[in-house]
Student: 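Got a structure here, written out as structure tokens. Questions coming.
The model shown is predicted, which means the values in this text are computed figures rather than measured ones.
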Amino acid sequence: MDDNPGELRVYENTYITQPNPKQKFNAEVVRKVVEETVYTKLDRQKYNPSEATTIISDLCSTIQDQVKQFSFERYKIIVQVTLGEMKGEGCFISSRGLWDQQNDSYASYSFQNGSLFCVAMVFGCYTP
């Protein structure tokens, strides 16, 4: 493919600072995917601390792969999953970061059954 393997390629800046409206991160669609994935994986699951890290890793990977299929061009996709045992205690989860309100967005879903709770968050951050 390269006629001159030693040739230096120079790429020009595209100057694209806004996402294409048709490819903008759609939080509603992503939330539905997250809800379906979490529910399918955890609906009949009992909490087991030795399996928790594997479950979280699988959930993160599955969610990220499914969200990437939407081809949100120039978006960095960040997936965070928290899993814990239901023991009648409270749990507060928050996140913080630099945010572009016009282009960045997130989707979250909370799930619980009699044994465990799960909070899954997907952040779509536009990178011009």
Side-chain angles (χ1 to χ4, degrees):
M1 185 169 190
D2 289 332
D3 293 342
N4 300 327
E7 182 180 331
L8 178 65
R9 287 190 178 192
V10 178
Y11 295 96
E12 295 290 325
N13 193 338
T14 61
Y15 298 104
I16 298 173
T17 60
Q18 299 290 319
N20 180 340
K22 293 179 183 176
Q23 294 176 328
K24 200 167 183 177
F25 186 86
N26 187 334
E28 287 182 34
V29 171
V30 172
R31 187 189 185 286
K32 288 177 185 175
V33 167
V34 172
E35 180 177 349
E36 183 180 301
T37 304
V38 171
Y39 183 82
T40 302
K41 180 80 174 169
L42 300 179
D43 182 38
R44 298 175 188 258
Q45 184 76 35
K46 298 263 187 227
Y47 183 79
N48 183 343
S50 62
E51 295 177 1
T53 52
T54 305
I55 292 170
I56 290 171
S57 295
D58 290 346
L59 276 172
C60 283
S61 297
T62 303
I63 291 168
Q64 188 171 34
D65 291 344
Q66 290 178 348
V67 171
K68 282 184 177 182
Q69 290 179 0
F70 291 114
S71 299
F72 297 122
E73 199 171 297
R74 293 176 167 252
Y75 275 89
K76 180 175 228 166
I77 304 299
I78 302 156
V79 180
Q80 178 182 343
V81 176
T82 304
L83 185 70
E85 185 175 11
M86 292 290 287
K87 286 190 167 183
E89 299 172 0
C91 178
F92 293 97
I93 299 171
S94 70
S95 59
R96 186 177 217 165
L98 294 175
W99 201 255
D100 178 355
Q101 289 183 334
Q102 292 179 354
N103 299 317
D104 299 341
S105 189
Y106 75 96
S108 67
Y109 174 68
S110 299
F111 171 86
Q112 65 183 27
N113 63 22
S115 176
L116 57 82
F117 70 90
C118 177
V119 178
M121 295 184 284
V122 180
F123 301 93
C125 299
Y126 185 72
T127 56

Student: Looking only at heavy atoms, which two atoms of F117 and M86 are closest? And how far apart?
Tutor: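 Here F117 and M86 meet closest at CB-SD, 3.8 Å.
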
Student: Answer yes or no: is there a donor N or O on one side and an acceptor on the other, between the side chain of S115 and the main chain of Y47, under 3.5 Å?
Tutor: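 Looks like yes, one N/O pair under 3.5 Å.
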
Student: What residues, two or more places apart in sequence or in another chain, satisfy side chain to side chain donor-acceptor pair (under 3.5 Å) together with T37?
Tutor: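 With neighbours one apart ignored, the set is Q66.
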
Student: Excluding sequence neighbours, so at least two apart, what forms side chain to side chain donor-acceptor pair (under 3.5 Å) with D100?
Tutor: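 By the side chain to side chain donor-acceptor pair (under 3.5 Å) rule, D100 matches N103.
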
Student: For the residue pair N48 and S50, confirm or rule out a side-chain donor-acceptor distance under 3.5 Å.
Tutor: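 Yes.
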
Student: Applying side chain to side chain donor-acceptor pair (under 3.5 Å), name anything that partners Q112, two or more places apart in sequence or on another chain.
Tutor: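 Expected list: none.
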
Student: Give me the atom names and distance for the closest heavy-atom approach of S105 to A27.
Tutor: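 Of all heavy-atom pairs spanning S105 and A27, the closest is OG-CB, 3.6 Å.
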
Student: Roughly how far apart are N26 CG and R31 CZ, rounded to 0.5 Å?
Tutor: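 It comes to 13.0 Å.
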
Student: Run the side-chain contact (heavy atoms from CB on, under 4.5 Å) check on V29 and F70 step by step: do they pass?
Tutor: CA-CA 9 Å; V29 171; F70 291 114; 3.3 Å; yes

Student: Would you say that more than 12 heavy atoms from the other residues, nucleotides or ligands in this model lie under 6.0 Å from the CD of E36, or not?
Tutor: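 Count not over threshold, so no.
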
Student: Scan for ring-ring contact (aromatic ring centres under 6.0 Å, His included) pairs involving residues 48-68, sequence neighbours excluded, and state none if there are none.
Tutor: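 Qualifying pairs, neighbours excluded: none.
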
Student: Hey, could you give me the CD/NZ distance between E51 and K46, rounded to the nearest 0.5 Å?
Tutor: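 It comes to 12.5 Å.
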
Student: Could you walk me through whether I63 and V122 pass side-chain contact (heavy atoms from CB on, under 4.5 Å), step by step?
Tutor: CA-CA 8 Å; I63 291 168; V122 180; 3.6 Å; yes

Student: Mind checking the OG1-CD spacing from T127 to E73? Nearest 0.5 Å is all I need.
Tutor: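 Answer rounded to 0.5 Å: 10.0 Å.
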
Student: Using a 4.5 Å cut-off on heavy atoms from C-beta on, say whether the side chain of Q45 contacts that of L83.
Tutor: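 The answer is no, as the side chains (C-beta and beyond) never meet within the 4.5 Å cut-off.
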
Student: Do you know which two heavy atoms are closest between N113 and L42, and how far apart they sit?
Tutor: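 In terms of heavy atoms, the two residues are closest at ND2-O, 3.0 Å.
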
Student: Show your reasoning for whether side-chain contact (heavy atoms from CB on, under 4.5 Å) applies to F111 and L116.
Tutor: CA-CA 8 Å; F111 171 86; L116 57 82; 4.1 Å; yes

Student: Identify, with sequence neighbours excluded, every residue that meets side-chain contact (heavy atoms from CB on, under 4.5 Å) alongside N13.
Tutor: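 Listed in chain order: Y15.
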
Student: For M121, which fellow cluster members are found when Ile, Leu, Val, Met, Phe, Trp and Tyr are connected by side-chain heavy-atom distances below 4.5 angstrom, either directly or through intermediates?
Tutor: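 Members alongside M121: I78, I93, W99, Y106, V119, F123.
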
Student: Shortest non-hydrogen contact from C60 to V79?
Tutor: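 Closest approach of C60 to V79, heavy atoms only: CA-CG1, 3.9 Å.
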
Student: Once you round to the nearest 0.5 Å, how far does OG1 of T53 lie from CG of D58?
Tutor: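 Atom-to-atom, T53:OG1 and D58:CG are 9.5 Å apart.
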
Student: Given side chains that start at C-beta, do those of Y109 and K32 come closer than 4.5 Å, heavy atoms only?
Tutor: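 No, too far: nothing below the 4.5 Å cut-off.
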
Student: Please tell me if the side chains of Q23 and R74 come closer than 4.5 Å, counting only heavy atoms from C-beta onward.
Tutor: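 Of all side-chain heavy-atom pairs linking R74 with Q23, none is under 4.5 Å.
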
Student: Is the closest side-chain heavy-atom distance between I77 and V30 below 4.5 Å?
Tutor: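 I77 vs V30: side chains apart.
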
